[in-house]
Peer 1: 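Here you go, one structure.
The figures that follow rest on heavy atoms only: side chains count, while hydrogens, waters and symmetry mates do not. Quick note on labels: first sequence line is chain A, next is B, and so on, each numbered from 1.
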Amino acid sequence: DAGVTQSPTHLIKTRGQQVTLRCSPISGHKSVSWYQQVLGQGPQFIFQYYEKEERGRGNFPDRFSARQFPNYSSELNVNALLLGDSALYLCASSLDNGLAGLGTQYFGPGTRLTVL
Amino acid sequence: AQSVTQLGSHVSVSEGALVLLRCNYSSSVPPYLFWYVQYPNQGLQLLLKYTTGATLVKGINGFEAEFKKSETSFHLTKPSAHMSDAAEYFCAAPPRAQGAQKLVFGQGTRLTINP
């Protein structure tokens, strides 16, 4: 079975632009979480979606938004890009929403975003 | 709020030596704890997790971790390091009230293996 896939692999944008990152979860997984990993740091939680509803939001500005589609794939949007948004953006999927159990999160390879 | 602290941003060991990566957590009740590994230019891979039950948890690639409530620790060990173990390792835990899909990660420990 295919793992979590993310596109694009790399992306270069300039300050002020907008970007959309995409994630396809493992088949059958209904939960998708997004994380930002700045160079040299651990990942930071941005959003979780389960059954197309937002189930959690981290401490990120409103410039960050996301959605989940009926096929459980997800998009992360970032508006008005800042230099500090340069990071590896990771998507993770799991079978459950984390409340009923502790479904393991499976991570994709990430999208490396560079903001110039 | 749950947080995890990894002691040592860099650890270097010789091939065949013991690997010990330290993680301490803050919480008034036993949390759920995870160790993930990240190889260069890749995403995160789950090594092992502690939920309930046995405090010694065995994971993939010969790694194991022991949950010690008295020390609020969840250190990762491997008896004999291999060159392929060189990677970044992250300890993680969920905020207690919010479930496991919103993990809080430590800063990471970069493991270097010397030939």
Peer 1: Does any backbone or side-chain atom of B/Leu44 lie under 4.5 Å from a heavy atom of chain A? Answer side chain, backbone, both or neither.
Peer 2: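 Looking at B/Leu44, backbone and side chain both touch chain A.
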
Peer 1: Under the salt bridge (Lys or Arg N to Asp or Glu O under 4.0 Å) rule, collect the residues that match up with A/Glu54, sequence neighbours excluded.
Peer 2: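 A/Arg57.
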
Peer 1: I'd like to know if the side chain of A/Ser86 reaches the main chain of A/Val115, judged simply by a donor and an acceptor atom lying under 3.5 Å from each other, with no hydrogens or angles considered.
Peer 2: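 Judged by distance alone, yes, a pair lies under 3.5 Å.
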
Peer 1: Taking atom NZ as the centre, does A/Lys52 end up with more than 12 heavy-atom neighbours from other residues, nucleotides or ligands that are less than 6.0 angstrom away?
Peer 2: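 Check passes, neighbour count above 12.
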
Peer 1: Determine whether a donor-acceptor pair (N or O, by modelled atom type, separation under 3.5 Å) exists between the side chain of A/Thr14 and the backbone of A/Leu116.
Peer 2: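 No, the answer is negative, given that no donor and acceptor are paired below the 3.5 Å cut-off.
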
Peer 1: Hey, can you tell me if B/Phe105 and B/Tyr36 have their rings parallel, tilted or perpendicular (30° and 60° cut-offs)?
Peer 2: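 B/Phe105 vs B/Tyr36 ring planes: tilted.
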
Peer 1: For a side chain to side chain contact (heavy atoms under 4.5 Å, CB included) with B/Val4, tell me which candidate from B/Thr72, B/Leu103, B/Asn24, B/Leu33 qualifies.
Peer 2: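 Of the listed options, the one satisfying the test is B/Leu33.
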
Peer 1: Output every pair passing salt bridge (Lys or Arg N to Asp or Glu O under 4.0 Å) with a member in residues 10-20 of chain B, not counting sequence neighbours, ordered by first then second residue.
Peer 2: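 Applying salt bridge (Lys or Arg N to Asp or Glu O under 4.0 Å) to every pair that reaches into residues 10-20 of chain B, excluding sequence neighbours, yields nothing.
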
Peer 1: If you take all heavy atoms of B/Gly16 and B/Ser80, which pair is closest and at what distance?
Peer 2: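 Nearest heavy atoms, B/Gly16 then B/Ser80: CA-OG, 3.3 Å.
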
Peer 1: Using non-hydrogen atoms only, which part of A/Gln6 is less than 4.5 Å away from chain B: side chain, backbone, both, or neither?
Peer 2: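 Neither part.
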
Peer 1: Between A/Thr104 and B/Lys49, which heavy-atom pair has the shortest distance, and what is it?
Peer 2: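 Distance-wise, the nearest heavy atoms are OG1-NZ, 3.0 Å.
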
Peer 1: Give the member of A/Gly58, A/Gly40, A/Gly42 that has the highest number of heavy-atom pairs under 4.5 Å with chain B.
Peer 2: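 Looking at each option in turn, the highest pair count goes to A/Gly42.
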
Peer 1: Chain B heavy atoms under 4.5 Å from A/Leu88: which part of the residue, side chain, backbone, both or neither?
Peer 2: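 Contact with chain B is through the side chain of A/Leu88 alone.
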
Peer 1: For B/Gln38, is it the side chain, the backbone, both or neither that has a heavy atom under 4.5 Å from a heavy atom of chain A?
Peer 2: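 Only the side chain of B/Gln38 comes within 4.5 Å of chain A.
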
Peer 1: Given 3.5 Å as the limit, does a donor-acceptor pair link the side chain of B/Lys68 with the main chain of B/His75, or not?
Peer 2: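 Such a contact is absent between B/Lys68 side chain and B/His75 backbone.
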
Peer 1: If the contact rule is any heavy atom under 4.5 Å from chain A, which residues of residues 106-115 of chain B qualify, in numerical order?
Peer 2: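 The residues closer than 4.5 Å to chain A, in numerical order, are B/Gly106, B/Gln107.
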
Peer 1: Per the ring pair (Phe, Tyr, Trp, His ring centres under 6.0 Å) rule, which among A/Phe107, A/Tyr89, A/Phe60 passes with A/Tyr35?
Peer 2: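 Output: one option passes, namely A/Phe107.
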
Peer 1: Suppose a student defines contact as a heavy atom less than 4.5 Å from any heavy atom of chain B. Which residues in residues 63-73 of chain A would they list?
Peer 2: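 Near chain B, by residue number: none.
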
Peer 1: For the side chain of A/Gln44 and the backbone of A/Val38, is there at least one donor-acceptor N/O pair under 3.5 Å apart?
Peer 2: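 No, because the side chain of A/Gln44 does not come within donor-acceptor range (under 3.5 Å) of the backbone of A/Val38.
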
